[in-house]
Amino acid sequence: MVYDVAVIGAGVVGGLIARELSRYRLSIVIVERSHDVAMGTTKANSAIVHAGYDAECGSLKAKLNVEGSRMMEGLCKKLGVKYIRNGSLVVAYRTQDMERVQELYERGQKNGVEGLEILDSKALHQMEPSLSETACGALFAPTGAIVCPYELNVAAVGNAMDNGADLLLDWEVTAIAAEQDGYILHSGGNSVKARYVVNAAGVYADHIAAMVGDTSFTIHPRKGQYMLLDHDCVGTVRHTLFNVPNELGKGILVTPTVDQNMLLGPTAEDQEDREDTSITAEGLQKVQENARKVVPTINLRGVITAFAGLRAVGNTGDFIIESPRHGFWNVAGIESPGLSSAPAIAVYVVECLESQGLSLPPKDDFVEERRAPHRFNTLSMEEKNRVIQENPLYGHVICRCESITEGEIVDAIRQNPGARDLDGVKRRTRAGMGRCQGGFCGPMVTEILARELGIPLEQVTKFGGSSYLNVGKTRGGADA
Ligand SMILES: Cc1cc2nc3c(=O)[nH]c(=O)nc-3n(C[C@H](O)[C@H](O)[C@H](O)COP(=O)(O)OP(=O)(O)OC[C@H]3O[C@@H](n4cnc5c(N)ncnc54)[C@H](O)[C@@H]3O)c2cc1C
């Protein structure tokens, strides 16, 4: 079979492009090297929907950020994804930094960001009482928001699949052959052919481009480390708090998350390795120190985990959405604000494909909406009783920290794209995301995965590959 379009990379960008394409009568395949979707940069970032005052006027970043931010709330509603418009503040701690606040304000106006305001110290502290006393003013962006990036990623790919797109996992593109009427993507001994190809491969986008002879850009990874605080710390701040970028850097942000945690970070560390997402004592120390400067009373004893993500930094300073040869599109260098821009990037890329002759006959039966999964802990008592009557598995709590039920875990395994490992369940349901980080529920989730996937316990993995959780049975018969 020859697909109309192949999308390389099932991150939030590839996922939303595939979803946008699935509005039309097209055959689409998404190929992904990992065991699951949302395993690249989309899995670990600040989860902010940036308002759009930061990017250079006239850049693709500025245009797509502002458009994406406008689209995000509606999109999340349709896809059943958590989104909160909490507003963001870019805070100055020195009077000379207020000039930069003014610049950002003016840039934001030019970029088309609505509702921007400059606040003095009094107005700022009224809005955020726990901010450091040294904060002397800020840019307030009421359209700034927070979202769950991996939830959006799963829902985007899932919605594309519900509308007919195919997803091939554990399918790493290792070579591409250009033919007269399209491209053959190779992965080991397997191949797929498509008339058009979208390269949304994140930190590997330059490697993919080089496979068709395009070496016009490079990507290098920039690590960002984070600390996550438990629910009892939420309420410390309501808005996303950025520092004014100055000669000392961008500083560390402090923000609530859509799941009522607090997130502190990220660092910015250039590195060569495109896989190394390790955290370091040094990095976390920096995160803590900087977060304390923003909110001196922050309860760092509430930290439940730390993690890192890799920015795909391009050498052009802007998003690279270009076609080096007919039918092949790079969607590369999608560093921050890539998540915020992703809905607009998707629409833009579809227009680009159309400009090269891809015809877009609308699909009469396109299903635009996706039912949000039951989130048991957010239901009223009446609703809880109703869903338990529908399915008693919703009455069996597996993850005690986050109150996640067996019903939700089974849904996550059976949905499109279904969870196939422990981390996949975690990203889809939050089982294992709480204070004990899966220490209690991990073995039970493993059993549910084995049962639902029809595989032995020993074959259940944490994140695919050889990340097995059990090695066999002890002499007494219990699983080890
Ligand atoms: C520290 C940090 C903070 C950030 N904060 C924000 C923020 O607050 N707001 C915001 O808007 N943006 C933010 N971003 C940026 C945002 O996370 C990214 O722009 C976005 O997630 C990029 O999505 P993507 O789909 O392009 O890349 P990815 O999610 O990396 O997806 C690319 C996919 O391609 C796959 N792939 C790679 N090579 C191959 C191959 N050969 N074959 C098949 N598949 C392949 C990968 O496995 C991966 O799944 C941040 C990024 C970082 C790192």
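Side chains are part of it too, since the values below use all heavy atoms of this structure and drop only hydrogens, waters and symmetry mates. Indexing begins at 1, ligand by ligand and atom by atom, following the structure's order. Counting begins at 1 with the first residue of the sequence.
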Compare Ala156, Gly11, Ser336, Ser340 and give the one whose heavy atom is closest to atom 6 (C) of ligand 1.
-> Ser336
Provide the number and element of each atom of ligand 1 under 4.0 Å from a heavy atom of Ile48.
-> 7 (C), 8 (O), 9 (N), 10 (C), 11 (O)
More than 12 non-hydrogen atoms from neighbouring residues, nucleotides or ligands closer than 6.0 Å to CD on Glu275, yes or no?
-> yes
Lys286 atom NZ: more than 12 heavy-atom contacts under 6.0 Å = no
Under 3.5 Å, N or O to N or O, is Glu172 touching ligand 1 that way?
-> no
Angle class for the His326/Tyr196 ring planes (parallel below 30°, perpendicular above 60°, tilted otherwise)?
-> tilted
Numbered atoms and elements of ligand 1 in range of Leu310, under 4.0 angstrom, heavy atoms = 53 (C)
Atom 40 (C) of ligand 1: which protein heavy atom is closest, and how many Å away?
-> Val173 N, 3.7 Å
Pair Glu369 + Lys77, salt bridge at N-O below 4.0 Å = no
Could you point out which residue of Asp232, Leu228, Val237 forms a side chain to side chain contact (heavy atoms under 4.5 Å, CB included) with Met262?
-> Val237
Any salt bridge between Arg428 and Glu408, counting N to O under 4.0 Å?
-> no
Which atoms from ligand 1 have a heavy atom of Tyr204 less than 4.0 Å away?
-> 37 (C), 38 (N)
Residue, atom and distance of the protein heavy atom nearest atom 23 (O) of ligand 1 read Thr42 OG1, 3.3 Å
What are the atoms of ligand 1, with element, lying closer than 4.0 Å to any heavy atom of Ile8?
-> 42 (N), 43 (C)
Closest to atom 32 (C) of ligand 1 (judged by heavy-atom distance), picking from Ser69, Gly40, Gly144, Ala200 | Ala200
For atom 44 (N) of ligand 1, which candidate among Arg33, Met39, Arg311 provides the closest heavy atom?
-> Arg33
Test: Lys63 and Glu67 ion pair at under 4.0 Å | yes
Protein contact of atom 18 (C) of ligand 1 - nearest heavy atom, named by residue and atom, plus distance = Ile334 O, 3.4 Å
Val31 heavy atoms, cut-off 4.0 Å: which ligand 1 atoms fall inside?
-> 43 (C), 44 (N)
Ligand 1 atoms nearer than 4.0 angstrom to some heavy atom of Gly9 are 33 (C), 34 (O), 35 (C)
Which is it for Lys223 and ligand 1 at heavy atoms under 4.0 Å: side chain, backbone, both or neither?
-> neither
Sub-3.5 Å N/O-N/O distance, Gly224 and ligand 1 | no
Here the atoms of ligand 1 under 4.0 Å from any heavy atom belonging to Glu335 are 15 (C), 19 (O)
With a 4.5 Å heavy-atom cut-off, do Thr280 and Thr267 have their side chains touching?
-> no
May I ask you to check whether Ser88 and Thr240 show a side-chain donor-acceptor distance below 3.5 Å?
-> no
Heteroatom distance test (Ile208, ligand 1): nitrogen or oxygen, under 3.5 angstrom | no
Within a strict 4.5 Å, meaning less than it, do heavy atoms of the His35 and Leu169 side chains meet?
-> no
For ligand 1, the portion of Ala47 having any non-hydrogen atom under 4.0 Å away = backbone
Between the side chains of Asp276 and Ser278, is a donor N or O closer than 3.5 angstrom to an acceptor N or O?
-> yes
How far is atom 30 (O) of ligand 1 from its nearest protein heavy atom, and which residue and atom name does that atom have?
-> Thr41 N, 2.8 Å
For Pro337, the ligand 1 atoms whose distance to one of its heavy atoms is below 4.0 Å | 10 (C), 11 (O), 12 (N)
Side chains of Asp4 and Tyr24: donor-acceptor distance under 3.5 Å anywhere?
-> no
closest protein heavy atom to atom 47 (O) of ligand 1 is Glu32 OE2, 2.6 Å
At under 4.0 Å between heavy atoms, which part of Tyr226 makes contact with ligand 1: side chain, backbone, both or neither?
-> side chain
Distance-only donor-acceptor check, side chains Ser216 and Asp214, under 3.5 Å | yes
Closest non-hydrogen protein atom to atom 5 (N) of ligand 1, residue and atom name please, with distance?
-> Ser46 N, 3.2 Å
When you measure from atom 27 (O) of ligand 1 to every protein heavy atom, which one gives the shortest distance, and what is it?
-> Gly202 CA, 3.9 Å
Does one side chain, of Asn65 or Ser341, offer a donor that lies under 3.5 Å from an acceptor on the other?
-> no
Residue, atom name and distance, where the atom is the protein heavy atom closest to atom 17 (O) of ligand 1 | Asn45 ND2, 3.0 Å
Do Asn159 and Arg19 have side-chain atoms, one donor and one acceptor, less than 3.5 Å apart?
-> yes
